[in-house]
Amino acid sequence: MSAQRTVASVWVTGQQQAPAQRGRRYSRLSLEHPAKMLPAIARRAISEFTRPGHLVLDPLCGIGTTLVEALHLGRDALGFELEPKWASIARLNLDLAHTQGAQGQGRVRTGEAARTAACIDPAEAGAALLVTSPPYGAMTHGRVRSRRDGAEALDKWAHRYSTTRDRAQLAHQPIADLLDSFTAILTACRPLLLPGAHVVITVRPFRTQGRLIDFPGKVMAAAQKAGLEPVGRCAALLCALRQGHVVARSSFFASLETARLRSKGIAAHIIQHEDVLILRNPTGEAP
């Protein structure tokens, strides 16, 4: 990889819906996680910034989307996950990848990311890329059955990161504390990265009481506090493009909230992309 590269500002990663992207590569238990990374985004980042045989690191790996996609692309992968349930599903997904012929090797370590990273000998790591996505709240929209689906009342599930109130879980921390924790995680991971390795963080803005919060901007600042150098900021599409038109993808609650805000005269729109923050470990030339 060269020291300087031009990266497309828009990644067309939403041509298929998430279930179709996952297909049979992932255990059905993966559906229980509330905020899975879109496989096409992980694939794009891994293909863009690594070569076969490189190591990809995800310190907040959840059910292992980054790891699985890395293995199928012939890369090795290392993930950290605080919640034992998600770590177990991630390992199950890695096993499934191997049965499907993936050439890479993957590992998942259970534990808080910064502490786990500190326990790894940097000489045994040497990741060419870190790909991850931080949470921004204790729950997400999750999965829903409403009256339009035949339910008698609104039924919501798979929307919580954890059933405990472990303060080490970023999802349970106030935003300011979450950002400080994320900085600490990236700082702890830097010794595990090769000189000049890229760091790709996917994150999107969100609304609180009708206000749009620039969470990507806050996360970029947190990454810079960890000593990483910003390279760029792209948009990974969650919507599809069909003959020059956008085919929106929206959750039940995103549609409901947008309609509610518009009824109050607020010019709200459903977010159709993930911000892709691209940074580099500034300790030498890229591998």
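Heads up: numbering here begins at 1 and tracks the sequence. Everything quoted here is computed from the prediction, not taken from an experiment.
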> Hey, mind stepping through Thr13 and Glu274 against side-chain contact (heavy atoms from CB on, under 4.5 Å) and telling me if it holds?
Replying inline: CA-CA 10 Å; Thr13 48; Glu274 291 269 2; over 6 Å; no
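- Cluster annotation: Leu38 and Val247 are assigned to distinct hydrophobic clusters (Ile/Leu/Val/Met/Phe/Trp/Tyr, side-chain heavy-atom contacts under 4.5 Å, transitive).
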> Between Ile63 and Arg22, is a side-chain contact (heavy atoms from CB on, under 4.5 Å) present by the stated rule, with each step listed?
Replying inline: CA-CA 12 Å; Ile63 54 90; Arg22 292 186 178 279; 3.8 Å; yes
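- Side-chain atoms of Val56 and Leu67, non-hydrogen and from C-beta on, never get closer than 4.5 Å to each other.
- Within 6.0 Å of NZ on Lys36 lie more than 12 heavy atoms contributed by other residues, nucleotides or ligands.
- Within 6.0 Å of CD in Gln15 there are more than 12 heavy atoms belonging to other residues, nucleotides or ligands.
- Pairing each heavy atom of Pro59 with each of Ile185, the nearest pair is CB-CG2, 3.8 Å.
- Residues Leu186 and Leu130 have side chains in contact (heavy-atom distance under 4.5 Å, counting atoms from C-beta outward).
- Alongside Val12, the hydrophobic cluster contains Val10, Leu237, Leu241, Val246 (criterion: ILVMFWY side chains under 4.5 Å).
- Residue Glu69 forms a side-chain hydrogen bond (donor to acceptor under 3.5 Å, both in side chains) with just one option from Arg44, Arg43, Arg75, and that option is Arg43.
- The side-chain heavy atoms of Pro205 and Asp275, taken from C-beta on, include a pair separated by under 4.5 Å.
- Under 4.0 Å is where a charged nitrogen must lie from a carboxylate oxygen, and between Asp76 and Arg107 no such pair does.
- You'll find the side chain of Thr183 stays beyond 4.5 Å of the side chain of Leu179, heavy atoms only.
- The environment of Arg242 atom CZ is dense: over 12 non-hydrogen atoms of other residues, nucleotides or ligands sit within 6.0 angstrom.
- Side chains of Tyr26 and Thr65 form a contact here, defined as non-hydrogen atoms less than 4.5 Å apart.
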> Between Ile120 and Leu78, does a side-chain contact (heavy atoms from CB on, under 4.5 Å) hold up when you go through it step by step?
Replying inline: CA-CA 11 Å; Ile120 295 177; Leu78 172 63; 3.9 Å; yes
>> Using side-chain contact (heavy atoms from CB on, under 4.5 Å), reason through Leu279 and Glu229 one step at a time and then give a plain yes or no.
In response: CA-CA 5 Å; Leu279 304 100; Glu229 293 179 344; 5.9 Å; no
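- Two residues are said to be in side-chain contact when any heavy atoms from C-beta on lie closer than 4.5 Å; Trp86 and Glu32 meet this criterion.
- For Trp11 against Ile41, the heavy-atom pair with the smallest separation is CZ3-O, 4.0 Å.
- Under the 4.5 Å side-chain heavy-atom criterion for ILVMFWY residues, a single connected hydrophobic cluster contains both Leu71 and Leu92.
- In this structure, the side chains of Glu48 and Ile278 stay at 4.5 Å or more apart for every pair of heavy atoms.
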